[in-house]
There are 2 protein chains.
Amino acid sequence: MARAATTSDVFNAIAEPQRRDILLLLRDGERPATAIAEELGLSQPGTSKHLRVLREVGLVDDRRDGRQRVYRLDARGLEPVHEWAGGFERFWNESFERLDAYVQDLKRNGSAQ
Amino acid sequence: MARAATTSDVFNAIAEPQRRDILLLLRDGERPATAIAEELGLSQPGTSKHLRVLREVGLVDDRRDGRQRVYRLDARGLEPVHEWAGGFERFWNESFERLDAYVQDLKRNGSAQ
DNA sequence: GCATTGCTTTCCCATATGGGAATATGATGC
DNA sequence: GCATCATATTCCCATATGGGAAAGCAATGC
């Protein structure tokens, strides 16, 4: 089975740095494909391929405008990612991590022995 | 170049569903490798490989306990993921998405013309 | 229709990766 | 040392994927 396809799993789609960059860029507003390639310094075909992945996974929208194809962010698909990662929030807040480690240490070594 | 290795990029490391499952499981407390494999119904070698990836990318910690190797969550590496996704929060809150689409429509078609 | 601009798709290649099977390594008990 | 349990690693294979180059399409202007 392997990993779910980049075109069907948001987590996998955003595992590629360039695609994350594209999403960040589109946060500032829609853009035609060429502009995206230029602003990020990517090849035109490469950009097109990444945009296709993002489109199929539903993170961007596109519409024609003359001969240009304008891409727009549709970040709703990122909410599950945010929530998933948020489920671990307590592990990086309030030095919970260190506290937990301390407790684990106590459990297996005992403190005053 | 391609995608950053699963062992060096947290986004890529968590792009694999089974590794996400392992992390969720470890949220409830540390466990020896075999227990993880059993609870998730994964093969022993497969689990070991996933754990190695998670270890190398820093999302889990491990320690020996007799002949067992106990794995513990270290989710601090997930904070960047949470923040990154959180940067898109306004797009799924307050129907900002629809408002934006509406504005874009106005811009290119004009409403009362 | 034809040339041009703006993208998308196709080819082909190199590599990363997950899976299963088999093997190796480490720790414990006798 | 030897058997055994708990894991890790190695092999090999099938596939997903990103990249570059080249070709294919669509829309526009003349």
Side-chain angles (χ1 to χ4, degrees), chain A residues 1-23 25-26 30-72 108, chain B residues 1-23 25-26 30-73 108-109:
Chain A
M1 255 185 265
R3 188 182 289 198
T6 55
T7 49
S8 64
D9 177 18
V10 175
F11 282 90
N12 201 358
I14 64 171
E16 159 66 49
Q18 298 180 142
R19 284 197 287 269
R20 291 202 292 276
D21 290 341
I22 291 176
L23 294 175
L25 183 63
L26 290 179
E30 55 176 30
R31 280 168 173 66
T34 304
I36 296 173
E38 278 177 15
E39 294 187 53
L40 296 179
L42 307 178
S43 75
Q44 184 269 311
T47 304
S48 184
K49 289 171 190 166
H50 284 315
L51 286 170
R52 178 174 184 174
V53 170
L54 292 174
R55 194 191 323 146
E56 291 195 32
V57 81
L59 288 173
V60 302
D61 242 328
D62 69 298
R63 69 178 161 80
R64 269 203 170 289
D65 178 22
R67 10 184 179 192
Q68 301 189 126
R69 186 173 291 269
V70 180
Y71 282 88
R72 184 166 43 114
R108 64 173 178 280
Chain B
M1 258 185 263
R3 186 182 290 197
T6 54
T7 49
S8 65
D9 178 18
V10 174
F11 282 90
N12 201 358
I14 64 171
E16 160 66 50
Q18 297 180 143
R19 284 197 288 267
R20 291 201 293 276
D21 289 342
I22 291 176
L23 294 175
L25 182 63
L26 290 179
E30 55 175 31
R31 280 168 172 66
T34 304
I36 296 173
E38 278 178 15
E39 295 188 52
L40 296 180
L42 307 178
S43 75
Q44 183 269 312
T47 304
S48 183
K49 289 171 192 168
H50 284 315
L51 286 171
R52 179 174 183 173
V53 170
L54 292 174
R55 194 192 322 145
E56 291 193 33
V57 80
L59 288 173
V60 303
D61 241 328
D62 68 297
R63 69 179 162 79
R64 268 205 169 289
D65 178 24
R67 16 186 173 188
Q68 300 189 126
R69 186 175 291 270
V70 179
Y71 283 88
R72 182 167 44 115
L73 180 65
R108 63 174 178 278
N109 300 321

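Proteins come first, then strands; the chains are lettered A, B, ... in the order of their sequence lines, and each starts at number 1. Fair warning: this is a prediction, and the values are worked out from it, not measured in the lab.
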Open item on the list: Looking at D:dG18, I'd like to know if its phosphate oxygens (OP1 or OP2) sit under 4.0 Å from a side-chain N or O belonging to A:Arg19.
Closed with: yes

TODO: Take the protein atom CG of B:Leu42 and the nucleotide atom C1' of C:dG20, then report the distance between them rounded to whole Å.
DONE: 14 Å

Open item on the list: What is the separation between atom CZ on A:Arg69 and atom C1' on D:dC25, rounded to the nearest whole Å?
Closed with: 11 Å

Task: Sugar-phosphate, base or nothing in reach of B:Thr47, heavy atoms under 4.0 Å - done: nothing

Task: Nearest-nucleotide comparison on DNA chain D, the residue closer to the 5′ end among A:Val53 and B:Tyr71 - done: B:Tyr71

- [ ] Decide yes or no for B:Thr47 and B:Leu40: does some side-chain heavy atom of the first lie under 4.5 Å from some side-chain heavy atom of the second?
- [x] no

Open item on the list: For A:Ala5 and A:Arg64, find the nucleotide of DNA chain D closest to each by heavy atoms; which residue's nucleotide sits nearer the 5' end?
Closed with: A:Ala5

TODO: For the residue pair B:Tyr71 and B:Arg55, establish whether any side-chain heavy-atom pair is separated by less than 4.5 Å.
DONE: yes

Open item on the list: Can you see if the side chain of B:His50 gets near the phosphate of C:dG19 - specifically, an N or O under 4.0 Å from OP1 or OP2?
Closed with: yes

Task: Euclidean distance, atom CG of residue B:Asp21 to atom P of C:dG18 [Å, nearest integer] - done: 14 Å

TODO: Measure the distance from CG on A:Asp9 to P on D:dT17 and round it to the nearest whole Å.
DONE: 10 Å

Open item on the list: For C:dT4 and A:Arg67 - does any side-chain N or O of the residue sit under 4.0 Å from the phosphate oxygens OP1/OP2?
Closed with: no

I'd like a table of atom pairs between the protein and nucleotides 9-14 of chain C - only N or O on both sides, under 3.5 Å - with the distance next to each one.
| residue | atom | partner | partner atom | Å |
| --- | --- | --- | --- | --- |
| C:dT9 | OP2 | A:Arg52 | NH1 | 3.4 |
| C:dT10 | O4 | A:Lys49 | NZ | 3.4 |

Open item on the list: Which residue is it: A:Leu23, A:Asp9, A:Val53? I am looking for the one with a side chain to side chain contact (heavy atoms under 4.5 Å, CB included) to A:Ile14.
Closed with: A:Leu23

Task: pair A:Arg63-A:Arg72: side-chain heavy atoms closer than 4.5 Å - done: no

Open item on the list: Does any part of the side chain of A:Arg31, heavy atoms only, come nearer than 4.5 Å to the side chain of A:Leu26, both counted from C-beta?
Closed with: yes

Open item on the list: Measuring to OP1 and OP2 of C:dT17, would you say a side-chain N or O of B:Thr6 lies under 4.0 angstrom away?
Closed with: yes

Open item on the list: Does the structure place the NZ or CZ of B:Arg20 under 6.0 Å from the centre of the six-membered ring of A:Phe11, at an angle of no more than 45° from the ring's axis?
Closed with: yes

Open item on the list: Between P on D:dC5 and CD on B:Glu38, what's the gap in Å once rounded to a whole number?
Closed with: 14 Å

TODO: Determine: side-chain N/O of A:Gln68 to OP1/OP2 of D:dA26, distance under 4.0 Å, yes or no.
DONE: no

Open item on the list: Are the side chains of A:Arg19 and A:Thr6 in contact, using a 4.5 Å heavy-atom criterion?
Closed with: yes

Task: Length of the CZ-P vector between B:Arg20 and C:dG18, whole Å - done: 12 Å

Task: Integer-rounded Å distance: C:dA16 C1' and B:Glu16 CD - done: 13 Å

Task: Value in whole Å for how far the P atom of D:dG19 lies from CG of A:Leu40 - done: 12 Å

